[in-house]
Amino acid sequence: MANNLCVRFVKAAVGAIDASHFAVTTEAIPSAEMGDIVVQNAFVSLDPYQRRQMMPNVAYANPLNLGDVMVGRAIGQVVESKHADFKVGDWALGHFGWQRYTKIKVSGAEKINLDGFSASTYLGALGSPGVTAWVGLHAIAKAVPTDTVVISAATGAVGSVAAALARSIGCRVVGIAGGPAKCQHAVEKLGYSVCVDYRDPNFKQLLAQATPQGIDVDFENVGGAIFDC
Ligand SMILES: NC(=O)c1ccc[n+]([C@@H]2O[C@H](COP(=O)([O-])OP(=O)(O)OC[C@H]3O[C@@H](n4cnc5c(N)ncnc54)[C@H](OP(=O)(O)O)[C@@H]3O)[C@@H](O)[C@H]2O)c1
């Protein structure tokens with residue numbers, strides 16, 4: 001018989017995160033009550049914000065308590081419904097956490113018509129990272145085709161979509177990523193004109209060489225030393 005596989009948060013994050021911060025538990029699959037659905041999760045998103053919810057004494061939305069199921073956006077299919085808005089088999093998106101099955105009020109779930117895209121796309125390019133990239137590039141930076149756009153964390157969830165959007169309107173797109181392999185991936189697969197390795201001791205000089213006309217838009221995903229230079 002199927003069980004619910006859950007990943008629970010068991011140790012506050014100080015320094016690097018490893019397996020000791022989590023416990024994998026096998027639990028009963030929850031049952032829906034009136035107004036609930038139960039979703040069988042297909043994909044879960046791992047995002048930078050989750051670390052803040054694992055840190056002690058950090059004021060951030062809904063901090064985790066020890067023993068909680070790890071937070072995270074997920075998409076899956078409804079396996080039980082006690083609300084007229086969802087039927088079994090519908091795709092649902094929400095903060096369902098790191099678990100195989102989630103019971104949730106329908107107010108916490110968004111019904112998704114996959115519309116020919118894979119379900120995971122709704123956690124990526126068509127989800128929060130994609131919206132973040134679009135808002136940053138178009139609503140905030142107001143990029144135009146003649147711009148040179150520099151994007152840090154170039155191969156990440158937000159950076160890779162920002163690069164595609166910038167390139168689609170004709171911008172020259174310069175990436176910043178960690179290591180030669182990621183820089184190669186950025187140029188060969190993600191459409192960057194050039195990508196600079198921030199771990200290279202000559203990073204500052206290489207960035208200047210990669211942007212001979214200057215930088216019109218700095219799509220800053222990291223901050224700190226990269227932003228300062
Ligand atoms: N994902 C979302 O839905 C979302 C929504 C709103 C805001 N944001 C924000 O957008 C930014 C990017 O998010 P993301 O989801 O795209 O992240 P991500 O895919 O997890 O990418 C993180 C990357 O950031 C780079 N990085 C981390 N620490 C670094 C350091 N000290 N110096 C240089 N590079 C460093 C690393 O790049 P390398 O591997 O190349 O070293 C790392 O792989 C974050 O600030 C996040 O808080 C994200």
Side-chain angles (χ1 to χ4, degrees), residues 13-18 21-22 41 43-55 58-64 70-75 93-98 108 110 112 117-141 143 149-167 173-207 210-211 215 217-229:
V14 179
I17 294 173
D18 59 27
H21 293 91
F22 307 103
N41 296 313
F43 298 96
V44 61
S45 182
L46 308 187
D47 300 297
Y49 75 88
Q50 289 160 329
R51 181 189 171 85
R52 293 189 71 79
Q53 287 175 270
M54 297 172 68
M55 291 166 70
V58 171
Y60 194 68
N62 306 322
L64 281 160
M70 264 302 292
V71 289
R73 281 186 295 269
I75 185 165
L93 175 74
H95 283 87
F96 301 156
W98 295 10
E110 180 186 355
I112 298 292
F117 295 99
S118 74
S120 62
T121 311
Y122 290 85
L123 296 173
L126 294 177
S128 173
V131 171
T132 303
W134 190 94
V135 169
L137 191 75
H138 290 302
I140 297 175
V149 177
V150 171
I151 302 174
S152 59
T155 63
V158 174
S160 55
V161 180
L165 292 173
R167 196 180 134 116
V173 192
V174 176
I176 299 174
K182 281 205 171 177
C183 287
Q184 186 179 354
H185 176 78
V187 172
E188 291 180 359
K189 304 286 186 194
L190 302 179
Y192 288 88
S193 299
V194 56
C195 184
V196 183
D197 180 358
Y198 68 82
R199 294 179 187 153
D200 191 299
N202 299 316
F203 166 65
K204 200 169 172 178
Q205 187 186 341
L206 292 172
L207 182 60
T211 54
I215 297 170
V217 174
D218 177 13
F219 197 114
E220 184 50 62
N221 278 313
V222 177
I226 290 180
F227 188 52
D228 291 344
C229 84

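Heavy-atom basis, side chains included; hydrogens, waters and symmetry copies ignored. Just so you know, ligand 1 is whichever comes first in the structure, and atom 1 is the first atom listed for that ligand.
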One should read off an interatomic distance between Asp200 CG and Ile176 CD1, to the nearest 0.5 angstrom, of 12.5 Å
Rounded to the nearest 0.5 angstrom, the CH2-CD distance for Trp98 and Gln50 is 5.5 Å
Counting only non-hydrogen atoms and a 4.0 Å cut-off, the residues near ligand 1 are Asp47, Pro48, Arg73, Ser128, Pro129, Thr132, Ala153, Gly156, Ala157, Val158, Ala177, Gly178, Lys182, Tyr198, Arg199, Asn221, Val222, Ile226
Looking only at heavy atoms, the pair that brings Gly72 and Tyr49 closest together is CA-OH, 3.6 Å
Heavy atoms of Thr132 and Phe219 approach each other most closely as O-CZ, 4.0 Å
task = Under the side chain to side chain contact (heavy atoms under 4.5 Å, CB included) rule, what do Leu207 and Tyr198 come out as? Steps first, then yes or no, please.
result = CA-CA 9 Å; Leu207 182 60; Tyr198 68 82; over 6 Å; no
Would you say Tyr192's side chain and Ala154's backbone share a donor-acceptor pair under 3.5 angstrom?
yes
